[in-house]
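In each ligand, atom 1 is the first atom listed, and ligand 1 is the first ligand listed. Values reported hereafter were calculated over all heavy atoms of this structure, with side chains retained and with hydrogens, waters and symmetry mates removed.
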Amino acid sequence: MATIGILGGGQLARMLALAGAPLGHRFLVVDTAEDACAAQVAPLLRADWRDFDTLEQFARRIDVATFDFENVPAATAEWLTAHTHVFPNPIALATAQDRYAEKSLFREIGLGTPDFAAVDSEDDLRAAATSLGFPCVLKTRRLGYDGKGQCILRGTADIAPAWAAIGGVPLILEAFVPFDSEVSVIAVRSRTGEFRHYPLTRNWHRGGILSASLAPLGGAGALEAQAVVHARVLAERLDYVGVFALELFVVDGKLLVNEMAPRVHNSGHWTIEGTPCSQFENHVRAVLGQPLGDTTARACSVMLNWIGELPDAGPVLAEAGGHWHDYGKAPRPGRKVGHATLCADRPGMLRDVLVRVARALGREAECAPVIAALDAG
Ligand code: AMP
């Protein structure tokens, strides 16, 4: 039995605690918010990321620290390493926190990325847009997620408004990728160096937020092999321990890496029911140096994210392969409040389940591209 400390008390921490409990492990969560949803299943210490007195108490009560939130200040992670084991390590965390640093690393180790340039002034932005061409995507280097802190520039007229909207902080300009699809690979590396990966997952976003994920993908063998090589090279280079996600664009049959998430990831939620050992359980095993579990798909799975508010659970629960996750969070626009995973033995069966659920919940528009992908095999 070990006690695992988690910095951040959102749904990822909650699902980590729910996955680790059967193995006999205890959890302790640190968050600033009293209503952090992981606190419904694990004790909570309320503290700011710079409240080192409380963090010291935290470190004394745990065997290992990990993250539910990737934007914990790198200085806090670094400070913690003097008091307890911290996984992933602070350098890996700091690299993933900065879009420019992570893309530079991807390049250095031979992973294809969209063309990019650092932007620190409006003049830099003009120069970078001239060299990358339009359309291009301007993003904050730090603290961006779910499409926040981003704008698409379609021509020179967009430069000044984009700078006015998000300028003044370090930025990165990226070439716009006319991708055919977006995929992710969830991988895990243990303290012992053992490495495993889950099947490649296809993802759909709405308004920059993940809307649906589908896995495994028929006929994606070569792409999956490439994505896994990328993930493994990256994990070894960073001496990474724990689960991480690599988000990729598929364009003309090739992969370009968009970003890395140094934690369990929304596009891996389907692994709870869709594989023998979920991303959450494997993260717990990895940070404790225990043998990793089986990551092969045991069903075809679709994950639907509930953003803002929960729909009626009935149509999902009425399905034999329907699984419901309510994070216990207050509804709020743009907030991830839950998800459903639908599982079936074959893609055709999953399609029929998804059609029924989409119709019953009035979610036809969100589900249409997933249904089309299942139709296309
Ligand atoms: P990110 O926060 O970088 O994951 O971006 C959120 C979403 O914006 C991605 O999942 C893509 O759908 C889209 N996006 C981000 N960067 C690019 C890009 N360079 N080209 C095209 N679409 C992008």
With a cut-off of 4.0 Å, which atoms of ligand 1 are near a heavy atom of [X]?
| X | answer |
| --- | --- |
| His205 | 10 (O) |
| Glu182 | 9 (C), 10 (O), 11 (C), 12 (O) |
| Lys139 | 3 (O), 15 (C), 16 (N) |
| Gln150 | 1 (P), 2 (O), 3 (O), 5 (O), 6 (C), 8 (O) |

With distance as the sole criterion, is a donor-acceptor pair present between the side chains of [X] and [Y] under 3.5 Å?
| X | Y | result |
| --- | --- | --- |
| His283 | Thr66 | yes |
| Ser267 | Ser184 | yes |
| Asp123 | Ser121 | no |

Practice task
Pick one of side chain, backbone, both or neither for how Asn258 approaches ligand 1, counting any non-hydrogen atom pair under 4.0 Å.
Solution key: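 Only the side chain of Asn258 comes within reach of ligand 1.
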Handout entry: Whether over 12 other heavy atoms sit under 6.0 Å from Arg298 CZ
Key =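 Atom CZ in Arg298 is packed in, count exceeds 12.
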Handout entry: More than 12 heavy atoms from other groups under 6.0 Å of NE2 on His230
Key =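 Result for NE2/His230: enclosed.
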Problem - Whether Phe249 and Phe179 hold their rings parallel, tilted or perpendicular, with breakpoints at 30° and 60° - result: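 Geometry flag for Phe179 against Phe249: parallel rings.
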Practice task
For ligand 1, find out whether one of its N or O atoms is nearer than 3.5 Å to an N or O atom of Val177.
Solution key: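 Yes - when backbone and side-chain N and O of Val177 are compared with those of ligand 1, one distance drops under 3.5 Å.
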Exercise for the section: May I ask whether Ala175 has any heavy atom positioned less than 4.0 angstrom from an atom of ligand 1? Expected result: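 So Ala175 counts as touching ligand 1.
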